[in-house]
Amino acid sequence: KLDIYSTTADVHGVVRVTQAVASNDPTMIIQHTVSGGNGDEDTGLVIKSVGNTAGNQNVLAVYKENGTDYAFKVQGSGDATTNGTIKTLNTNDYGNIQFAVANYIDSSTADGTTAFRINARTSHASGNLFEVSNAGTTKLTVAYNGDTTFTTGISATWLSLSSFATISG
């Protein structure tokens with residue numbers, strides 16, 4: 001067991017591990033090799049930080065290869081930011097991405113660019129590409145071929161249906 005306690009702040013941290021050689025090997029490995037224990041308990045790496053009262057200090061910071069730009073960070077408030085593309089987000093065979101408080105996906109893309117895109121990385125010949133549901137009841141589906149189904153009434157300022165029709169109201 002290694003327990004380090006410090007009452008002195010240091011720009012280099014309380015514990016610092018530096019690997020000063022070109023390598024294809026990791027700098028640090030944290031491995032828990034015995035199974036067992038209770039569910040929903042902290043094992044592996046646990047990060048706790050009192051931080052400031054605003055919750056805007058970074059409790060986890062991962063930098064890009066250049067060492068100066070953030071690749072990923074988590075603030076004390078729980079807000080997470082990635083400075084890149086999340087290429088794979090495995091939700092365990094159609095699992096869920098859950099939002100605890102701020103129930104939205106926010107885009108800061110420039111005007112005239114796509115703000116939100118869903119891309120099926122393989123060509124689908126059946127099934128839905130996108131579904132919106134409320135308490136488990138599907139309200140909107142977009143099928144593999146682009147067919148869109150609304151199970152409730154449509155209320156919109158404008159709705160364009162490709163070259164077939166335009167509904168205004």
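Bear in mind that the values here come from a model prediction, so they are computed numbers and not experimental data. Start at 1 with the first residue, then count along the sequence.
- Every pair passing side-chain hydrogen bond (donor to acceptor under 3.5 Å, both in side chains) that includes a residue from residues 21-32 is listed here, sequence neighbours excluded: Gln19-Ser23, Gln19-Thr27.
- Counting only distance, with no hydrogens or angles, the side chain of Gln75 and the backbone of Asn58 share no donor-acceptor pair below 3.5 Å.
- No side-chain heavy atom of Thr141 sits less than 4.5 Å from a side-chain heavy atom of Phe150.
- For Tyr63, the ring pair (Phe, Tyr, Trp, His ring centres under 6.0 Å) test picks out Tyr70, with sequence neighbours left out.
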Contacts under 3.5 angstrom, residues 125-140 side chains, donor-acceptor by atom type, not counting sequence neighbours:
unit_1	atom_1	unit_2	atom_2	d
Asn128	ND2	Glu131	OE2	2.8

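- Between the Thr151 side chain and the Thr149 main chain, no donor and acceptor come within less than 3.5 Å of each other.
- The hydrophobic cluster of Val21 has no other members, since no ILVMFWY side-chain heavy atom comes under 4.5 Å of it.
- Looking only at side-chain heavy atoms (C-beta outward), Ile4 and Val14 come within less than 4.5 Å of each other.
- Under the rule for a side chain to side chain donor-acceptor pair (under 3.5 Å), Asp111 has no partner lying at least two apart in sequence or in another chain.
- At a threshold of 4.5 Å between side-chain heavy atoms, the hydrophobic network of Ile, Leu, Val, Met, Phe, Trp and Tyr places Ile30 and Val15 in two separate groups.
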Side-chain polar contacts of residues 36-47 - donor-acceptor pairs under 3.5 angstrom, sequence neighbours left out - could you list them?
none

